Amino acid sequence: MPVFKVPFNGYSVKFSPFYENQLAVATAQNFGILGNGRLHVLQLGPTITERAAFDTADGVYDLCWSESHDSLIVAAVADGSLKIYDLSLPPASNPIRSLHEHARECHGVDFNTVRKDSFLSASWDDTVKLWTVDRPASVRTFKEHAYCVYSAAWNPRHADVFASASGDCTTRIWDVREPGSTMILPAHEFEILSCDWNKYDDCIIATASVDKSIKVWDVRSYRVPVAVLNGHGYAVRKSCLASAALPLCFQHDTKVVLDVGKMV
Amino acid sequence: MAAQADAPASSADQNPQNPVVEQTTVDNRWGSKVEDVKESYPSSVFVNSQPIREEQVQNAVKFLSHPKVRGSPVIHRRSFLERKGLTKEEIDEAFQRVPDPTPSVQTTEPVVTNQADVQTQVPTQVVQSNPVLPAGSASKLVTDSRFHWSYAILAVGFLAVSGAGTLVLFKNAIIPRLKSWIRKVASEDEEEEGLLKKNNGKPNIAEEAAAAAKVAAAAAADVAEASRQMLTTKSEEKKCFEELMRLLNAQVHELKSMRTAIQMLEGGRSTNGKIVAEQQDDNRFLGTSSMQPYVNGKTVLGSHSVRSSSRPAPADPSVAPHPKSYMEIMAMIQRGERPSNIKEINDTPPNPNQPLSNPRLAPRPKPWEVSQPQTNSTNILQTQESSESSNYKFPSNPLSGGDAALWWQRKNVRITEFEAGNENKPGSSNVLGNEQPARRSWVPPQPPPVVMPEAAAAIRQPNKPSYQKEQTTDNQLLAPSPDVTDELQRITRIPEAGGTMEANGKTSVLSTSDEIQAEENSRY
């Protein structure tokens, strides 16, 4: 299996929605505690080659590809800013935008796959902000969580609905047309690090927490989880419901574990 | 895209109802999308529709009425209730019911009449409590520490007083007892003597002396025992004192460490932003320990995102060991050192107004967004698509590795089938640009923000008055959300307006797609 070793510690990996063998990796120095960051763009092939790399002053915690532009990447940086990179421009012209509104680290970023023009940023300053690529300022700020928001995820079918996972042990579901959150899921007893929607059933959401478990919820009856997946040895840092409706989980020690849990 | 994904079931349901039904299923999807936009708002799945649970509200009211809870910031109270599973409505209802500083207003009074008062009071209370929050938390720390000290002093004083009191009591109790006992013994001896006298008739001095000596010895023994007891109690008291001092020292240590942490916080703000803030957070939470019992104010800087892995509850997930280099870096940072491998990097954009480049590809549908591919025009289009797939602008060498290229092209063929299936989707896109004008015959689903919707409408429906058309679609979509900001309205409305207008105006697939092509080219 081809291997590409990045010099820093990895934080996030995303494939490009336009090119199947192109992916981007967000990395941070010194385990992301304190140090620089780098965004790699890799090309898969018989070997993995690096197409581009962008250095940042602070660690890059998350990234997302634009759904409408094949060469745009949005990176969430630990100094609270969002950097937008354009791969079709030479590296000297990058980043093309730096959106700095968050007061604390920016931990998660997600692009809207339905509307394809807007993206969310989740930050440790307890807020989620909505942005579009063409504006220098955020469109909306969602401030309701009582602690850091670790990730935000758009609903794959409803263009206005998204979920946010926070360190105040709740997951909230929002509608951008509403001023506040529409649902509050007290999903875990400890901090929730990640949430993701089931792409094939827009009412199923999975949350991953510090308590090493992943819980799957149906928002229509959210008092009891649909499934509880234990078995990780560390806190579950990221989970995403893949196309086969099986959760793919990243453990905290950066191993990739395919956790085959039976889902209803 | 959302329409297509809104379940074929919904489109099937609305087929007979939709007055704009065309032969192709595509238009159904778009038409049903408009219906869904209207319908999904009032009956959205993502809204909690359960009624307010009175029991939960009453529990919340009891919680909020607790004096200790009253002193905590509102956001913590809300967070606690949310974690207990209350919905927003229940929490709001509880906040409304909880009386303000006047204790006379109880829940027994009719809630309706007082709700108006309480509602006005609650926002002011919230406003007042929020600015007090940082000061309150700081002062709480101080008051907590003061509490501890005063408690300690009180305890010491109490112990001292009790020790002295027991001493005095002992003395007062023992001495009279001793005396009475001596007297009793003496009197017994006297009685004995009397008996003896009666019996013997002659007081024996030696016997008297012996008896007196015995009594004295007994008294001395008693005194010795009493003093021994006093010594033991003293030693016990000493032990208690020492234990107390030990505990106090431990407290002092903790407070000292907190103080150093605060100093680090103020001193090392520039470099250790994250850790500092974390400590700040922990201190903030420590101040309101009534609701969230945290073991120690020391921040265990576990991993970054796992800030609270040291948070205590008894079911705390045990922290697994971390690699050695990670612990080294953590130790370095905690000592305040900056790791040596950090470079100064300027990552600001060289040109913040750099215009975005034109995208070279159109957005592709996601695997979960595909319903069924079209059968009529697929054959025609497939050939076009497959010839075009080799013309995809690909950044590096796609044909170098044989396997890789083949795999990629095979995948593209599969995807072009899907794309052909969606080629009926309306939508203009600036993605096309000038590079691939006529070869692409399918149009990506979601249009970008249309600059002049009236112009687009006018071009597409020359027969109907375009302004009227715009009005109706706008009214349809305007109904639900008056609260949303103007910008957001524009963003949400315009793509949908663009999409629906095209859906309604479309007659046949190929001709209109060509129209759109031409129109796009003319626009861009």
Side-chain angles (χ1 to χ4, degrees), chain A residues 18 20-21 30-36 43 45-46 55-57 67-71 86 88-89 93 95-98 113-117 139-140 146 150 156-159 161 168-170 173 175-177 179 182-184 186 191 193 199-200 203 210-212 219-220 233-235 243 252, chain B residues 1-2 5-6 44-48 75-76 79 82-85 87-88 274 277 303-309 317 320 326 329 333 339 341-343 345 347-352 354 356-357 359-361 363-364 366-368 395-396 401 404 408 411 446 448 480-481 483-484 487-488 491 495:
Chain A
F18 291 89
E20 292 95 359
N21 58 351
N30 296 327
F31 299 96
I33 304 169
L34 188 66
N36 307 124
Q43 202 88 51
D55 281 311
T56 54
E67 297 283 334
S68 54
H69 281 63
D70 62 328
S71 54
D86 192 335
S88 54
L89 296 175
S93 315
I96 56 170
R97 300 281 188 274
S98 176
T113 51
V114 178
R115 202 172 278 128
K116 298 188 198 296
D117 63 350
V139 176
R140 283 282 304 272
Y150 289 114
R157 291 184 190 213
H158 297 273
V161 177
D168 64 359
C169 316
T170 61
I173 299 184
D175 189 324
V176 297
R177 298 167 290 194
T182 57
M183 285 180 77
I184 303 171
E191 298 192 18
L193 300 182
K199 312 288 187 288
Y200 291 90
C203 296
V210 170
D211 61 3
K212 307 179 204 167
V219 297
R220 292 165 291 209
Y234 293 80
S243 54
H252 213 278
Chain B
M1 290 292 257
D6 268 342
S44 164
V45 178
F46 304 102
V47 177
N48 173 45
I75 185 80
H76 290 160
S79 175
E82 280 163 5
R83 283 190 307 157
K84 291 298 166 198
T87 62
K88 251 192 182 174
K274 304 183 237 311
S303 88
H304 225 177
S305 56
V306 187
R307 289 171 170 223
S308 58
S309 64
Y326 177 79
I329 292 183
I333 304 252
N341 51 1
I342 299 177
K343 288 190 276 191
I345 292 178
D347 58 1
T348 53
N351 177 8
Q354 173 98 35
L356 301 174
S357 60
R360 291 175 296 197
L361 279 188
R364 303 204 297 219
K366 302 286 177 187
W368 55 86
S396 75
W408 164 76
K411 280 243 162 152
Q446 195 57 241
S481 51
D483 297 339
V484 180
E487 296 131 359
L488 192 56
I491 290 173

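So you know, we letter chains A, B, ... as the sequences are listed, proteins then strands, and number each from 1. Worth knowing before you read on, the calculation uses all heavy atoms, side chains too, and leaves out hydrogens, waters and symmetry mates. Computed from a predicted model, the values in this text were never measured in an experiment.
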Side-chain heavy-atom pair [X], [Y] within 4.5 angstrom cut-off:
{"X": "A:Asn30", "Y": "B:Ile342", "value": "yes"}
{"X": "A:Ser93", "Y": "B:Gln354", "value": "yes"}
{"X": "A:Asn21", "Y": "A:Gln43", "value": "yes"}
{"X": "A:Met183", "Y": "B:Lys88", "value": "no"}

- [ ] Sort B:Asn351 into side chain, backbone, both or neither according to what part of it lies under 4.5 angstrom from a heavy atom of chain A.
- [x] backbone
TODO: Measure B:Ser357 against the heavy atoms of chain A and call it side chain, backbone, both or neither at under 4.5 Å.
DONE: both
Open item on the list: Restricting to salt bridge (Lys or Arg N to Asp or Glu O under 4.0 Å), what partner residues turn up for A:Asp86, sequence neighbours left out?
Closed with: none
Specify which of [options] makes the most heavy-atom pairs with chain B at under 4.5 Å.
{"options": "A:Ile96, A:Val219, A:Asp168", "result": "A:Ile96"}
{"options": "A:Ile173, A:Thr170, A:Thr56, A:Asp55", "result": "A:Thr56"}
{"options": "A:Ala57, A:Cys203, A:Pro95", "result": "A:Pro95"}

Task: Residue A:Ser71 versus chain B: region with a heavy atom under 4.5 Å - done: side chain
Open item on the list: Please check this pair: side chain of A:Arg140 against backbone of A:Val176, looking for a donor-acceptor N/O pair closer than 3.5 Å.
Closed with: yes
Task: Partner chain A: residue of B:Asn341, B:Thr348, B:Leu356, B:Thr87 with the largest heavy-atom pair count (under 4.5 Å) - done: B:Asn341
